[in-house]
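Below: one structure, written as structure tokens.
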Amino acid sequence: MSFSSFDEHIMRQALALAAKGLYSTSPNPKVGCVIVQNGEIVGQGWHEKKGEPHAEVFALRQAGEKARGATAFVTLEPCSHFGATPPCAAALINAGIKKVIAASFDPNPQVAGQGVKMLQNAGVEVAVGLLEQETRALNRGFFSLFERGKPFVTLKIAQSLDGKTALKNGVSQWITADTARIDVHRERAKSCAILTGSGTVLKDNPKLNVRHIQTPRQPIRIVADSHLQTPANAKICTDGKRTILACLPDFATQKTYPDSVEILPVPADKSGQHIDLSILISKLAERQIGQLWVEAGSILNGALLNAGLVDEMMIYQAPIILGDCAKDAFVLPEITALNQGKRFIIQDIQTLGDDVKMILRHKV
């Protein structure tokens with residue numbers, strides 16, 4: 001499919017609109033729409049929140065009668081089914097849109113080409129594939145849910161130059177400086193949920209919420225807590241926000257928690273002592289958690305990495321050396337050959353004040 005430079009320019013504007021929903025649309029995708037009539041933008045909109053109108057609806061409202069005979073640029077295939085809102089494909093048809101250019105097909109089986117088919121059957125010209133990779137990157141959790149049946153998992157590490165995450169006595173506040181910590185909260189806000197381990201809860205009693213930036217919603221907190229050790233008065237249990245405690249089935253009824261806390265029984269792994277993390281990840285996908293942010297200790301970090309459940313690592317590295325007695329970022333089985341190591345590709349490096357942020361993906 002051939003697209004013009006003007007088409008790309010408009011689709012980039014639609015992607016910029018979609019990004020306005022970065023902190024608010026979960027578990028729905030971030031979608032933007034721009035309507036063009038005779039080379040002029042006559043309507044635009046984005047999906048703002050689950051349960052509210054989709055991007056196309058807002059754009060059509062703004063365009064009014066100027067939508068008739070116009071072209072709609074949408075970052076994701078218009079939906080074709082009735083959910084919380086009516087199908088957007090039908091709205092575009094009823095408004096008299098002549099052509100739709102979409103960045104990508106929708107991976108949701110309820111749509112998955114059906115929106116395009118509905119438009120084409122009504123005589124609307126449709127082209128798909130303009131800036132597809134960009135929209136996939138913006139909605140990586142959404143695509144991961146439907147294409148892989150699991151969330152996109154990002155593991156965050158704040159460490160020293162020698163790869164240490166805390167002193168021997170457990171003190172870790174703060175290895176990195178303010179700029180890096182604010183960026184962490186920005187990344188938290190993008191996620192559907194934040195995963196940590198019971199050890200971190202018992203040691204630090206964290207809130208695990210978004211504080212340093214404005215956000216219309218808080219991610220769900222999840223604790224991998226095999227033996228259900230999280231105290232009922234822990235901060236993440238008493239603020240009224242949703243928390244999931246994932247434990248072995250035998251421990252699921254041993255404590256009483258506030259109504260905002262869900263106890264999630266998860267079968268044991270081969271050791272019989274810990275929950276099976278792969279099953280936990282699948283259960284989170286069933287709850288429409290598409291983007292999972294992990295802030296945990298070395299044991300859970302290592303277990304997730306060793307199980308092949310980490311899609312991306314974000315490492316915030318401070319220019320400080322803590323020495324060999326300090327705590328490592330990962331607990332992993334002994335590696336006896338270099339080719340057994342977990343090797344990554346650096347996707348991006350940026351400086352945040354005095355610290356460095358690295359984004360890494362697995363080397364295939």
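Keep in mind that the numbers below use all heavy atoms, side chains included, and drop hydrogens, waters and symmetry copies.
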If hydrophobic clusters are built by linking Ile, Leu, Val, Met, Phe, Trp and Tyr wherever their side-chain heavy atoms come under 4.5 Å apart, do [X] and [Y] end up in the same one?
| X | Y | result |
| --- | --- | --- |
| I279 | I222 | yes |
| V261 | I194 | yes |
| L309 | W293 | yes |
| I346 | V310 | yes |
| I220 | V184 | yes |

Taking atom [atom1] of [X] and atom [atom2] of [Y], what is their separation to the nearest 0.5 Å?
| X | Y | atom1 | atom2 | value |
| --- | --- | --- | --- | --- |
| M118 | S80 | CE | OG | 5.0 Å |
| F143 | N108 | CZ | CG | 10.5 Å |
| I213 | Y23 | CD1 | OH | 4.0 Å |
| E147 | R136 | CD | CZ | 4.0 Å |
| N121 | I93 | CG | CD1 | 8.0 Å |
| C237 | D259 | SG | CG | 12.0 Å |

Can you check whether [Y]'s main-chain N or O pairs, donor with acceptor, with [X]'s side chain at less than 3.5 Å?
| X | Y | answer |
| --- | --- | --- |
| H212 | T179 | no |
| Y257 | T230 | yes |
| Q317 | S160 | yes |
| E77 | F105 | no |
| T351 | G353 | no |
| H47 | G32 | no |
| Q340 | T336 | yes |
| E132 | S104 | no |
| R188 | Q218 | no |
| N306 | L332 | no |

Considering only heavy atoms from C-beta outward, does the side chain of [X] approach that of [Y] to under 4.5 Å?
| X | Y | result |
| --- | --- | --- |
| L248 | S226 | yes |
| F330 | L155 | yes |
| K49 | P216 | no |
| Y316 | K156 | yes |
| C192 | K190 | no |
| D250 | P265 | no |
| L208 | T243 | no |
| I97 | L60 | yes |

Please give me the minimum heavy-atom distance between [X] and [Y], naming the atom from each residue.
| X | Y | result |
| --- | --- | --- |
| V74 | M11 | O-CE, 3.5 Å |
| V153 | V294 | CG1-CG2, 3.8 Å |
| A18 | T75 | CB-OG1, 4.1 Å |
| A59 | C33 | CB-SG, 3.7 Å |
| N209 | R211 | OD1-NH1, 2.6 Å |
| L280 | V266 | N-CG1, 4.0 Å |

V356/Q350 under side chain to side chain contact (heavy atoms under 4.5 Å, CB included): CA gap, chis, key distance, verdict
CA-CA 6 Å; V356 172; Q350 55 184 289; over 6 Å; no
Is it the case that atom [atom1] in [X] sees more than 12 heavy atoms from other parts of the structure closer than 6.0 Å?
| X | atom1 | result |
| --- | --- | --- |
| Q254 | CD | yes |
| K255 | NZ | yes |
| I335 | CD1 | yes |
| I299 | CD1 | no |
| D324 | CG | no |
| K241 | NZ | no |
| K66 | NZ | no |
| D354 | CG | no |

Residues 265-291 vs salt bridge (charged side-chain N to carboxylate O under 4.0 Å, His left out), sequence neighbours excluded, gives E262-R287
With side chain to side chain contact (heavy atoms under 4.5 Å, CB included) as the test, would you mind laying out the steps for R12 and L131 before giving the verdict?
CA-CA 8 Å; R12 290 199 182 279; L131 301 183; 3.4 Å; yes
Let me see the working for R221 and D239 under salt bridge (Lys or Arg N to Asp or Glu O under 4.0 Å), right down to the final yes or no.
CA-CA 11 Å; R221 283 80 52 89; D239 63 2; 2.8 Å; yes
In terms of the angle between their ring planes, are F142 and F146 parallel, tilted or perpendicular, with boundaries placed at 30° and 60°?
perpendicular
When you look at V128 and V116, which way does the side chain to side chain contact (heavy atoms under 4.5 Å, CB included) test go after all the steps?
CA-CA 9 Å; V128 181; V116 167; 4.0 Å; yes
Hydrogens and angles aside, do [X] and [Y] bring a side-chain donor and acceptor to less than 3.5 Å of each other?
| X | Y | result |
| --- | --- | --- |
| N301 | S298 | no |
| S144 | R148 | yes |
| T176 | D355 | no |

Go through it in stages, so that I can follow the logic: the residues are F344 and R361, the test is side chain to side chain contact (heavy atoms under 4.5 Å, CB included), and I'd like the CA-CA distance, side-chain angles, deciding distance and then a yes or no.
CA-CA 5 Å; F344 287 79; R361 298 279 178 85; 5.6 Å; no
Check this for me, if you would: do K357 and D183 make a salt bridge, where the nitrogen-to-carboxylate-oxygen distance has to be below 4.0 angstrom?
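Yes, this pair counts.
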Electrostatic pair R140:D311 at N-O distance under 4.0 angstrom:
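Not counted as a salt bridge, because no side-chain N and carboxylate O are separated by less than 4.0 Å.
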